[in-house]
2 protein chains.
Amino acid sequence: MKIQGISTQTLRRLPYYLNYLVSNETESGGYISAAAVAAALNLNEVQVRKDLATVCQTRGVPKKGFFVGDLIEGIRDCLGQNNVNDAILVGAGNLGRALLSYKGFEQYGLNIVAAFDLKEGTANGKKIFALSKLSDIISRLNIKIAVITVPAESAQSVCDILTRNGILAIWNFAPAHLKVPYGVLVQNENMASSLAVLSNHLKSEMDKKL
Amino acid sequence: MKIQGISTQTLRRLPYYLNYLVSNETESGGYISAAAVAAALNLNEVQVRKDLATVCQTRGVPKKGFFVGDLIEGIRDCLGQNNVNDAILVGAGNLGRALLSYKGFEQYGLNIVAAFDLKEGTANGKKIFALSKLSDIISRLNIKIAVITVPAESAQSVCDILTRNGILAIWNFAPAHLKVPYGVLVQNENMASSLAVLSNHLKSEMDKKL
DNA sequence: CTTTTATCGATATCGTTTTATCAATTATAC
DNA sequence: GTATAATTGATAAAACGATATCGATAAAAG
């Protein structure tokens with residue numbers, strides 16, 4: 001299957017397709033058209049067609065659409081949801097603890113196996129390791145994914161430790177732009193950025209009404 | 001100030017600038033150049049210059065840069081961080097509770113004043129209201145922002161209730177595309193989408209090494 | 001006062017993503 | 001078997017965002 005060469009934007013839409021396809025699998029009669037998916041998810045039809053064609057092994061059939069089973073399998077393959085990825089989390093503050101207690105990650109293929117903070121402790125019944133043990137544990141467990149939930153000031157230094165020890169993908173919740181070596185991906189999950197967009201929209205909507 | 005007509009991407013970068021500018025306000029000597037900010041945040045210089053020029057009242061001064069005070073004020077204005085926005089949260093499952101217990105939102109101008117779920121209860125010492133009271137409370141408190149943390153299946157129906165009652169901005173954590181009336185903004189914060197990007201990157205990096 | 005130089009602002013170029021268009025294909029109906 | 005209609009796949013156009021280039025400006029230095 002074509003795993004590489006999928007645009008980031010397409011990749012971000014795949015979970016939406018998957019969710020819809022799985023929850024409607026039975027009633028779709030085996031095939032579904034790009035137009036139907038687009039209408040359901042409120043997306044552009046051509047965009048959906050291109051996305052689906054990218055991930056689906058089999059071609060779409062005129063007058064019928066794409067075979068739902070192949071679509072689901074193709075998307076799952078691209079997302080790697082069949083093999084759970086082990087990850088570590090650095091920063092056991094408020095947000096870090098909240099994420100640790102969130103049970104929904106495994107469903108998406110992420111398994112947080114260890115958490116770290118400045119000093120040892122426990123949170124939600126899970127052991128928090130001292131930062132000094134970071135390098136050791138990453139390399140021994142051969143971890144490739146890390147979640148960063150430390151304050152912005154320390155994000156880069158934590159990031160440096162991580163990449164030096166072979167981390168390839170970082171899910172960054174700190175409000176800081178991280179510099180990483182080539183080949184390492186940073187996915188920023190900045191609550192503040194999202195709130196920025198929301199809040200600005202709200203403000204201009206309110207202004208309109210004055 | 002120019003609140004409307006700011007691109008979404010610029011808007012998402014504003015919190016980064018703000019964070020950097022505030023934490024370096026004293027040592028910057030009053031003025032800072034776009035190049036300096038760009039270097040610190042690992043961004044393109046021209047991009048930063050354009051962004052800063054968009055939000056700053058005063059023009060940048062050759063050989064000096066932008067006046068930091070004006071920058072901070074301009075960004076805060078755009079983000080509406082001076083007036084905390086009251087919000088409600090619907091869905092007190094794992095993720096919802098995690099967000100409720102997260103103390104960092106007010107810092108960014110969001111204040112969750114009430115939470116709702118199918119049935120009443122308490123979480124983290126906060127009262128959870130029954131969904132039936134949603135309409136009433138939204139209109140009485142004149143809430144304009146809502147956070148959705150319900151399962152994908154019920155996201156659209158919750159969303160409909162919200163928009164019917166005057167909600168203008170929705171922060172959607174459910175893996176579902178929401179259809180909203182014109183003028184309502186949905187900001188998707190899909191963990192699954194982010195994980196999709198991370199996981200796919202990891203997969204293709206690992207494939208390279210084989 | 002003049003020269004130098006850092007910085008901005010504007011314009012142009014480039015690449016990516018989205019959207020539009022249309023011919024090719026094939027199931028379905030007659 | 002032929003016509004019809006839905007749907008795809010491919011190509012083109014448009015929109016958007018990021019980056020490069022360069023002249024204009026004003027502070028600083030001589």
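Residue numbers begin at 1 in each chain, while the letters A, B, ... track the order of the sequences. Values reported hereafter were calculated over all heavy atoms of this structure, with side chains retained and with hydrogens, waters and symmetry mates removed.
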Can you tell me the distance, in whole Å, between the [atom1] atom of [X] and the [atom2] atom of [N]?
X        : N       : atom1 : atom2 : result
Lys64(A) : dG9(D)  : NZ    : P     : 14 Å
Lys63(A) : dT7(D)  : NZ    : P     : 7 Å
Ile32(A) : dA6(D)  : CD1   : P     : 17 Å
Lys50(B) : dT11(C) : NZ    : C1'   : 10 Å
Asn44(A) : dT21(C) : CG    : P     : 11 Å
Tyr31(B) : dA6(C)  : OH    : C1'   : 15 Å
Glu45(A) : dC22(C) : CD    : C1'   : 13 Å
Phe67(B) : dT7(C)  : CZ    : P     : 17 Å

Which nucleotide, [options], lies nearest any side-chain atom of [X]?
X        : options                  : value
Phe66(B) : dC8(C), dA18(D), dT18(C) : dC8(C)
Ala34(B) : dC8(C), dT8(D), dT17(C)  : dC8(C)
Pro62(B) : dG9(D), dA26(D), dA27(C) : dA26(D)

>> Does a side-chain N or O of Arg13(B) approach OP1 or OP2 of dA18(D) to a distance below 4.0 Å, or not?
In response: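 Answer is yes, contact under 4.0 Å.
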> Does OP1 or OP2 of dT18(C) have a side-chain N or O of Gln47(A) closer than 4.0 Å?
Replying inline: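 Yes, Gln47(A) has a side-chain N/O under 4.0 Å of OP1/OP2 on dT18(C).
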> Out of curiosity, Gln156(B) CD to Asp160(B) CG, how far, rounded to the nearest 0.5 Å?
Replying inline: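 Between atom CD of Gln156(B) and atom CG of Asp160(B) there are 4.5 Å.
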> Under 30°, 30 to 60°, or over 60°: which ring-plane class applies to Phe105(A) and Trp171(A), parallel, tilted or perpendicular?
Replying inline: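 Perpendicular: the ring planes of Phe105(A) and Trp171(A) meet at over 60°.
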> Toward the 5' end of DNA chain C, which comes first, Ser33(B) or Val61(A), by nearest nucleotide?
Replying inline: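 The residue mapped nearer the 5' terminus is Ser33(B).
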>> Please compare Arg49(A) and Arg49(B) by the position of their nearest nucleotide in DNA chain C and report the one closer to 5'.
In response: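 Nearer the 5' end of the strand: Arg49(B).
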>> Under 3.5 Å, is there any donor-acceptor pair linking the side chain of Arg59(B) to the base of dG9(C)?
In response: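 When only heavy-atom distances are counted, Arg59(B) does not reach the base of dG9(C) through any donor-acceptor pair under 3.5 Å.
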>> Heavy atoms only, 4.0 Å cut-off, all strands: where does Ser7(A) land among base, sugar-phosphate and nothing?
In response: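 The answer is sugar-phosphate, as Ser7(A) gets under 4.0 Å only of primed atoms, P, OP1 or OP2.
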> Base, sugar-phosphate, or nothing: which does Arg12(B) touch, judged by heavy atoms less than 4.0 Å apart?
Replying inline: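 No contact.
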>> Assess the residue pair Ser157(A) and Ser154(A) against the criterion (side-chain hydrogen bond (donor to acceptor under 3.5 Å, both in side chains)); give the C-alpha distance rounded to whole Å, side-chain angles, the decisive distance to 0.1 Å, and a yes or no.
In response: CA-CA 6 Å; Ser157(A) 62; Ser154(A) 26; 5.6 Å; no
>> So if I apply the side chain to side chain contact (heavy atoms under 4.5 Å, CB included) rule between Ser199(B) and each of Asn85(A), Leu11(A), Leu110(A), Leu79(A), which one comes out positive?
In response: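 Per the side chain to side chain contact (heavy atoms under 4.5 Å, CB included) rule, the option paired with Ser199(B) is Asn85(A), out of Asn85(A), Leu11(A), Leu110(A), Leu79(A).
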> Would a 4.5 Å heavy-atom cut-off, applied to side chains only, mark Ile128(A) and Leu100(A) as touching?
Replying inline: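 Yes - at least one pair of side-chain heavy atoms lies under 4.5 Å apart.
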